[in-house]
Every structure is written in structure tokens, then in C-alpha cells.
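See below for the structure under consideration.
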Amino acid sequence: MLDTLKLRDGGLDEAQKAQYWRDGFLFPLPAVSAETALAARVELEEIERNWLDAGLPQPLNTYKRVNAHVVMPFAADLARDPGVLDVVEGILGSDILIYAAELFIKEPHTTQIVSMHQDLTYWGLGAVDGLVTAWIALSAATPASGCMDFVAGSHKEAILPHEDTFDSNNLLSRGQEVKVDVAEKDKTAIEIHPGQMSLHHGLTIHGSGPNVSDDRRIACVVRYVRPDVTQKVGDCDYAMLARGRDTHGNFTLIEPPEEPFTPEAIALHEEIRRAQAEVMMKGAQSATEIYA
Ligand SMILES: O=C(O)CCC(=O)C(=O)O
């Protein structure tokens, strides 16, 4: 287990920024305190108890996997946490929008994996540098619990061809897999612990294995964009202002929720999900529940 990287005045120093741009990822970074991570997990598990069978328009899993920050206050709070944003600012600059927040959960002793892929493949945003993902651990992410593996330097590639598998054992929407054989020796295991995070570039090849541990592997995964990023495939797209100003107006700005699953937030979530499904599922040969 690596030591947490030391920040300078809460942010990245020049060597850490250079490492991110060289490798396409950086970890283990402090995100929130272990207490805050635990409180977020408790809130998530309360939502799982209270809302699973509460007659939501979509299955609860859809709200967890797609734009959780629109309907779950704890996800919007984590995404706007000043400690996280101070670090993200070192990559994107001082104007920061939240493009998405997703809960990637692997239950103990399950076989679900994430195939090796590049995030930007189906998002309609192009092969941009202005998107970074903060993967915030709410439980231990270790090789046993199915932590992510990154391929260093792979963000310098274009968007590579991917194949859709629609495999139900794959947590990704299309089960997409990059058509490149990644050797085990080229993978870096991203072990992080509750309250820590990793950052990765939108083109970095990454995936993760099954959770053979006794605990759930829970991450709140936040995608941040600079305001100059644009949706190039869909007619419109959405983002939440996290810090600074929206200097470009490329996204419809949305507000964080005050309570879980208010009717207004559910309606907004559906509007965004439909717009993003047009882009995410373009050309797909099969359907998937979260973007149905
Ligand atoms: O949580 C995982 O194992 C994979 C998440 C992922 O693909 C991502 O954060 O881009």
C-alpha cells in the first residue's frame, strides 16, 4: 500500500501535476476524511434501504449508476467537497463543472468486473484533456476487492476502437472493451482506502476485476470538466457548477438536490438520462437497463 501523496496548500505541486500528465493518472490522493467517507457510505446504505422498493420510476440502480448527484445529496456534496476540488483545480484550473457522479459498487464475493476501456469513447465530448475523473473510495479498493487497474501513458492514444459485449457481468453500460490486449505487466493496481481518491484522464485505459473480499467495494466516481468542453454528438448536455464560473455556457447548469429523490430532481434526472442515452447508446446493437 502506497503512502498518501502529500499536497501543497491543499493542492497538487508541479511534480504531481507532471506525473498526472505523464501517466494519465495519480494516486493515492487525500479526498475527504475517513469520517466523511463513512458518513457518505451510511447515507448511501440508508438510501438503499429506504428507496429500493419505494416505487421510483427507474430501478434504484439506475440512479446510483447514472448522475447520482442529481438525486442524492451526499453524492453532490462529495463532488463539491472543497478538498477534492482543490486537487482537481491543479488539473483543470479554477473553473470546474461536475459532468457526472456515479456509484460504482461491487458486492462482496461477486464476479462483476469492468472491462478495460477509455471513458471518453461514448460520451460525445471528443478526445479532450479537459475532463478528469476523481474516483473517491467509500470502502477499501484493493486487488482483492476489485480496485481499478490503469495503463500508464495510454491517455496519449486517440480514442481506440472498442467492442460492445453487453455482458451482464460487466458494470459498464455497453460492456465496452478496448480492442487492445493489455498485458498484466502494463497494469498498475490502484489500491486506495476510504477517503482517498485517484484521478484519471478520460483517455486512460482502465478496468477492474471481481470483488473476492468480504466487504462491498464502493466508490463515488465524479467526472469533472472545464467549461470549454462541449457536447459534440448530442443536442444538449448538462453540468453542475462546482467552483469558479461557467465561462462558456456549453452545458445547461443544474442545481444540487436538497433531499433524496424530490419529484423535481427525479424529473430532471430523467431529462438528463434521456439526452445522454441518445449519445451513450448511439449505434449500439443492444439495449441496457441504465440507459433504457
Ligand atoms: O469502478 C470501477 O471499477 C471502474 C470505474 C470506471 O471505469 C471509471 O471510473 O471510469
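Ligands are counted one by one from 1 in listed order, and the atoms in each one are counted from 1 as well. Numbers for residues simply follow the sequence, beginning at 1. Values below: all heavy atoms of this structure, side chains included; hydrogens, waters and symmetry mates excluded.
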Plane angle bin for His201 and Trp21 - parallel if under 30°, tilted between 30 and 60°, otherwise perpendicular: perpendicular

Over-ring placement of Arg174 relative to Tyr122, 6.0 Å and 45° cut-offs: yes

Shortest non-hydrogen contact from Leu171 toward Arg65: O-NH2, 2.9 Å

Amino acids contacting ligand 1, non-hydrogen cut-off under 4.0 Å: Phe104, Lys106, Val114, His117, Asp119, Trp135, Met148, His200, His206, Ser208, Arg217, Val221, Arg223

Parallel, tilted or perpendicular: rings of Tyr99 and Phe251 (30°, 60°): perpendicular

Lys232 atom NZ, neighbour heavy-atom count above 12 within 6.0 Å: yes

Stepwise salt bridge (charged side-chain N to carboxylate O under 4.0 Å, His left out) test for Arg243 and Asp86: CA-CA 10 Å; Arg243 175 169 283 186; Asp86 285 347; 2.8 Å; yes

